[in-house]
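Right, one structure below, let's go through it.
One-based numbering, in listed order, for ligands and for the atoms of each. Residue numbers count from 1 along this sequence.
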Amino acid sequence: MKRFLSGIQATGDLHIGNYLGAIKPCVELQGEGESIYFVPNLHSLNTRPDPAKLRKETLSNIAWFMAAGIDPNKSILYVQSGVSANAELCWILNNFVTMGELSRQTQYKDKSSKKGVEGQLVGLFAYPVLMAADILLYSATHVPVGEDQAQHVELARDIAERFNNIYGDTFVVPEAVVRKVGARVMNLQNPDKKMSKSDEGQSGNILLLDNKESIQNKIKRAVTDSEGLVEFSDTKPAIANLLQIYSGVTGDGIETITAKYAGKGYGELKTDLANVVVDSIVELQTKYHELLKNEDYLLEIVKEGNRKANEIASAKLLEVKVKLGLL
Ligand code: ADP
Ligand code: TRP
């Protein structure tokens, strides 16, 4: 039986990259096995967020998951801090990973370089270990993520194999599920850089909370190139990015889309892209706002999700502790 697991951090406003790279694949995989989706709010502590904001964004991510189609009757939907076994396994796994491996994680290099020495917290450095614990504790077979997180899933595999080699079969060795389209949505103003919640200014990011005019303007102002040819190619990163967003939102193949715009200019592509993005985001927003109106209901979902997650996690943690001789 496949078990899908993924988490979206509650740090900053979600953008269309988060949706196409992570949330949408989670929804599509929901019927293909068991699924566990969660908000990794312990991970968010490495930005020292304002407590009220962290609480709000945690519930907001639960609402986005549900608005996109995650059904709490079909998937476990929970919050990382609600299961203490996550942090406990993380501590154990810290002893199965080296400083060298962690320093080679590109996310750490990127995020710490933006912050200076003060921002180089152990919690940021060690975050892939907590992520490995999130995955291994629940015996996930598949982890749908955007491309930037694939390296962390690779590390979780190494940790699992290392542990299994010493103590016998304990952890399932997980596989990252990275889509061909939408796994790395680029910044509309700088197509060499991925869209990121931590970006300064948001003119190159389509946020899930953007209104219609703002989405239209951002797409209209997206950088292109001087060739005027709608083609999907590595040498045309700006156009390739618009095409992958189009494909991700509509489900149409890239070839279908390039055929449709053959001989047409970028203007037409952009207008149509803005329309399909607006339609899908507006639909998501309507459901999202509806869900947020009832905080008690969301808290109830989280409570029930945490209960189910705890059951799975505590059984695995006990198995690990016995193997390690922890009383
Ligand atoms: P961000 O980098 O914007 O802060 P996170 O690190 O919280 O986002 O990522 C949440 C999920 O969204 C992860 O699975 C990540 O791989 C995916 N993701 C983030 N940015 C993008 C992007 N630009 N394109 C596709 N997927 C992305
Ligand atoms: N580190 C991931 C991110 O920043 C979020 C995350 C935490 C996660 N634990 C996970 C994703 C486990 C998949 C599986 O996007």
Side-chain angles (χ1 to χ4, degrees), residues 3-26 29 35-47 49 57-58 60-61 64-65 68 78-81 83 86-87 89-90 93 105-108 110-111 114 123-124 126-157 159 174-188 190-200 202 204-208 237 240-241 244-245 247-249 309 313:
R3 184 177 278 174
F4 303 102
L5 177 141
S6 194
I8 312 276
Q9 280 208 49
T11 324
D13 293 332
L14 297 186
H15 51 75
I16 197 164
N18 299 131
Y19 176 62
L20 297 178
I23 302 181
K24 201 165 179 229
C26 288
L29 292 168
S35 37
I36 303 178
Y37 300 125
F38 69 104
V39 183
N41 57 346
L42 294 174
H43 274 101
S44 305
L45 294 179
N46 64 41
T47 62
E57 289 184 344
T58 302
S60 157
N61 281 13
W64 281 122
F65 267 128
Y78 90 99
V79 171
Q80 190 183 36
S81 61
V83 179
N86 292 327
L89 182 66
C90 173
L93 297 184
Q105 301 299 308
T106 47
Q107 278 266 313
Y108 174 71
D110 286 356
K111 295 204 169 167
K114 284 183 191 164
L124 179 62
Y127 119 173
V129 192
L130 181 57
M131 178 160 163
D134 292 334
I135 298 170
L136 302 183
L137 197 50
Y138 299 87
S139 307
T141 57
H142 294 82
V143 184
V145 280
E147 201 175 273
D148 60 312
Q149 294 294 325
Q151 195 188 17
H152 295 158
V153 180
E154 204 47 50
L155 185 68
R157 289 173 65 87
I159 294 176
E175 217 174 278
V177 181
V178 181
R179 290 288 163 98
K180 284 201 187 70
V181 168
R184 193 168 169 80
V185 176
M186 309 309 276
N187 188 296
L188 297 179
N190 181 358
D192 294 327
K193 202 171 117 231
K194 87 169 187 82
M195 265 188 205
S196 174
K197 285 192 236 118
S198 49
D199 282 340
E200 295 286 318
Q202 297 283 5
N205 291 357
I206 300 173
L207 302 180
L208 296 188
N241 190 37
Q244 75 153 335
I245 297 174
S247 170
V249 169

Which one holds for [X] and ligand 2: side chain close, backbone close, both close, or neither close, with close meaning a heavy atom under 4.0 Å?
{"X": "His152", "answer": "neither"}
{"X": "His43", "answer": "side chain"}
{"X": "Ile8", "answer": "neither"}
{"X": "Phe38", "answer": "side chain"}
{"X": "Pro40", "answer": "side chain"}
{"X": "Leu130", "answer": "neither"}

Sub-3.5 Å donor-acceptor pair from the side chain of [X] to the main-chain atoms of [Y], do we have one?
{"X": "Asn86", "Y": "Gln80", "value": "yes"}
{"X": "Arg3", "Y": "Thr141", "value": "no"}
{"X": "Gln244", "Y": "Arg184", "value": "yes"}
{"X": "Ser6", "Y": "Pro144", "value": "yes"}
{"X": "Asn41", "Y": "Ser81", "value": "yes"}
{"X": "Asn241", "Y": "Met186", "value": "yes"}
{"X": "Tyr37", "Y": "Phe65", "value": "no"}
{"X": "Lys24", "Y": "Gly248", "value": "yes"}
{"X": "His43", "Y": "Gln9", "value": "no"}

Relative to ligand 1, is [X] under 4.0 angstrom through side chain, backbone, both or neither, heavy atoms considered?
{"X": "Met186", "answer": "neither"}
{"X": "Ala183", "answer": "backbone"}
{"X": "Arg184", "answer": "backbone"}

Any idea which protein heavy atom is nearest [atom], and the distance to it?
{"atom": "atom 9 (N) of ligand 2", "result": "Asp134 OD2, 2.6 Å"}
{"atom": "atom 27 (C) of ligand 1", "result": "Gly17 O, 3.5 Å"}
{"atom": "atom 23 (N) of ligand 1", "result": "Val185 O, 2.8 Å"}
{"atom": "atom 9 (O) of ligand 1", "result": "Asn18 ND2, 3.6 Å"}
{"atom": "atom 13 (C) of ligand 1", "result": "Gln149 CG, 3.8 Å"}
{"atom": "atom 20 (N) of ligand 1", "result": "Lys194 NZ, 2.7 Å"}

Best match, [options]: closest heavy atom to [atom]:
{"atom": "atom 25 (C) of ligand 1", "options": "Gly182, Gly7, Gly146", "value": "Gly182"}
{"atom": "atom 5 (C) of ligand 2", "options": "Gly7, Ala22, Ser44", "value": "Gly7"}
{"atom": "atom 8 (C) of ligand 2", "options": "Met131, Gln149, Lys111", "value": "Met131"}

Separation between [atom1] of [X] and [atom2] of [Y], rounded to the nearest 0.5 Å:
{"X": "Asn205", "Y": "Leu188", "atom1": "CG", "atom2": "CG", "value": "7.5 Å"}
{"X": "Tyr127", "Y": "Lys111", "atom1": "OH", "atom2": "NZ", "value": "4.5 Å"}
{"X": "Met131", "Y": "Leu155", "atom1": "CE", "atom2": "CG", "value": "9.5 Å"}

Under 4.0 Å from a heavy atom of [X]: give me the atoms of ligand 1 that qualify, with their elements.
{"X": "Gly21", "answer": "25 (C), 26 (N)"}
{"X": "Ala22", "answer": "11 (C), 12 (O), 14 (O)"}
{"X": "Lys197", "answer": "1 (P), 3 (O), 4 (O), 5 (P), 7 (O), 8 (O)"}

Asp110 vs Gln107, side chain to side chain donor-acceptor pair (under 3.5 Å): CA-CA, chis, key distance, verdict:
CA-CA 5 Å; Asp110 286 356; Gln107 278 266 313; 5.3 Å; no

What atoms of ligand 2 come within less than 4.0 Å of a heavy atom belonging to Leu5?
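Once the distances to Leu5 are compared, the set is 12 (C), 14 (C).
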
Which ligand 2 atoms, with their elements, are less than 4.0 angstrom from a heavy-atom of Val143?
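Matching atoms, with element in brackets: 13 (C), 14 (C).
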
Begin from the C-alpha positions of Asn18 and Lys197 and carry the test side-chain contact (heavy atoms from CB on, under 4.5 Å) through to its verdict.
CA-CA 9 Å; Asn18 299 131; Lys197 285 192 236 118; 3.5 Å; yes

So is there a nitrogen or oxygen of Tyr127 less than 3.5 Å from a nitrogen or oxygen in ligand 1?
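Looking only at distances, the answer is no, because the N/O contact criterion of under 3.5 Å is not met.
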
Using distance alone, decide if ligand 1 has a nitrogen or oxygen within less than 3.5 Å of any nitrogen or oxygen in Val145.
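Not met; the criterion fails.
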
Step by step, work out the ring-ring contact (aromatic ring centres under 6.0 Å, His included) result for Tyr78 and Tyr138.
CA-CA 12 Å; Tyr78 90 99; Tyr138 299 87; 5.7 Å; yes

Does at least one non-hydrogen atom of Asp148 fall below 4.0 angstrom from an atom of ligand 1?
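Asp148 counts as a contact of ligand 1 under the 4.0 Å cut-off.
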
